[in-house]
Chemist: 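Mind looking over this structure? Questions follow.
Order of the sequence lines sets the chain letters (A, B, ...), proteins ahead of strands, with each chain counted from 1.
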Amino acid sequence: MCVFMFTSNSLTKTNCIKYLLQTTARFSHQRAHQQAVRGMATNKRKNEDDKPGTKKPASRTVTSASGPWNQGLKASMNDPGLRVMADDQCVIIRDKYPKARYHFLVLPKRSIPNLKKLVPNDIPLLTHMYDISKELTAALDTGLEFRYGYHAVPSMSLLHLHVVSQDFDSPCLKTKKHWNSFNTEYFIDAEDEKFILATKELYVDKCHKCSKPFSTIPALKSHLVSHIPNNTNKSQ
DNA sequence: GTTCTAGAAC
DNA sequence: GTTCTAGAAC
Ligand SMILES: Nc1ncnc2c1ncn2[C@@H]1O[C@H](COP(=O)(O)O)[C@@H](O)[C@H]1O
Ligand SMILES: [Zn+2]
């Protein structure tokens, strides 16, 4: 039974258009902001250049009020400026740094760290994420092709499905990594049967010789010497 | 992931 | 000279 329904709060075309207008407004605002920040930095550097020897690398805080950088999606899920829609299971947000004209992220409300933590019971949820993505792009009616998938090696925490139009026309697309992460096997299509391979946990934390589990690397290292024949504690 | 920027490449 | 790219950010 599909719980997803078109309601006034979800995927009406009017609402979609509204969110896209927000995209444009926010985006130009963001660019203006970045330019302003850059201008301020330039001014500051000029002043410092008047006093030689006072130059030092600008210190930057590594964590912010919203937590470490790789936890940013958690806050963005509840950011009304980014949220496109939500139902009982999922939230869809606009990607904060869209790599194409349309770029959304679909996140389960129930916190799942990454693909490797998925279990067979999650399959209906994954199907639902894909289904509402298709509903969204259908409602948007952009005439653009879309792809729906996961990054094989994500940087951001919390499982998220990329919904990205295939124009790749965006100032945020800047690096080879950006390109390749959406246009090689790095991008795992949600509907691809190979998808299941990406859900396998690769960290097993066991000895490579005898499969004894270990909890810390020092513990592993003291165990490893037991496998060295005629161990004399010498190296090289 | 992004930002910033030094040094490479053009 | 400008453009591009890769690495640090503790
Ligand atoms: N704070 C944020 N809010 C929303 N989207 C973000 C945020 N930080 C990064 N992103 C996007 O999240 C995606 C994470 O990529 P990945 O971890 O490779 O799947 C990228 O497309 C980023 O543009
Ligand atoms: Zn081409």
Chemist: Hey, does A/Thr137 have a side-chain heavy atom less than 4.5 Å from the side chain of A/Thr142?
Modeler: no
Chemist: Side chains of A/Asn114 and A/Ser157: closer than 4.5 Å at any heavy-atom pair?
Modeler: no
Chemist: Once you round it to whole Å, what is the distance between C1' of C/dA6 and NE2 of A/His178?
Modeler: 13 Å
Chemist: Atom CG of A/Asn70 to atom C1' of C/dA9: distance rounded to whole Å?
Modeler: 13 Å
Chemist: Taking NZ from A/Lys74 and C1' from B/dG1, how many angstroms apart are they, rounded to a whole number?
Modeler: 18 Å
Chemist: Mind running a 4.0 Å heavy-atom check of residues 107-115 of chain A against DNA chain B and sending the residues that fall below it, in number order?
Modeler: none
Chemist: If I take atom CG in residue A/Asp95 and atom P in nucleotide B/dG1, what distance separates them, rounded to the nearest angstrom?
Modeler: 10 Å
Chemist: Quick one: stems for DNA chain C, with Watson-Crick or G-U pairs under 3.5 Å, at least three in a row?
Modeler: B:2-10 with C:1-9
Chemist: At under 4.0 Å between heavy atoms, what does A/His160 touch on the DNA or RNA strands: base, sugar-phosphate, or nothing?
Modeler: nothing
Chemist: Is A/Leu136 close to A/Phe104 at the side-chain level, that is, under 4.5 Å between some pair of heavy atoms?
Modeler: yes
Chemist: Between A/Tyr97 and A/Ser170, is there a side-chain donor-acceptor contact under 3.5 Å, judged purely by atom types and distance?
Modeler: no
Chemist: Once you round it to whole Å, what is the distance between C1' of C/dC4 and CH2 of A/Trp179?
Modeler: 18 Å
Chemist: Does a side-chain N or O of A/Lys177 approach OP1 or OP2 of B/dG1 to a distance below 4.0 Å, or not?
Modeler: yes
Chemist: Checking the side chain of A/His223 only, and the main-chain atoms of A/Ala219 only, is there a donor and an acceptor separated by less than 3.5 Å?
Modeler: no
Chemist: Quick check: are there more than 12 heavy atoms from other residues, nucleotides or ligands sitting under 6.0 Å from NZ of A/Lys109?
Modeler: yes
Chemist: According to a cutoff of under 5.5 Å between the ring centres and under 30° between the ring planes, does A/Trp69 stack with the base of B/dG1?
Modeler: yes
Chemist: Please determine if a side-chain N or O atom of A/Lys99 lies less than 4.0 Å away from the OP1 or OP2 oxygen of B/dT2.
Modeler: yes
Chemist: Heavy atoms, side chains only, cut-off 4.5 Å: are A/His128 and A/Cys90 in contact?
Modeler: yes
Chemist: For a ring-ring contact (aromatic ring centres under 6.0 Å, His included) with A/Tyr148, tell me which candidate from A/Tyr130, A/Phe195, A/Phe187, A/Phe182 qualifies.
Modeler: A/Tyr130
Chemist: Decide yes or no for A/Lys134 and A/Phe146: does some side-chain heavy atom of the first lie under 4.5 Å from some side-chain heavy atom of the second?
Modeler: no
Chemist: In whole angstrom, what separates A/Lys96's NZ from B/dT2's P?
Modeler: 11 Å
Chemist: Rounded to the Å, how far apart are A/Lys176 NZ and B/dT2 P?
Modeler: 17 Å
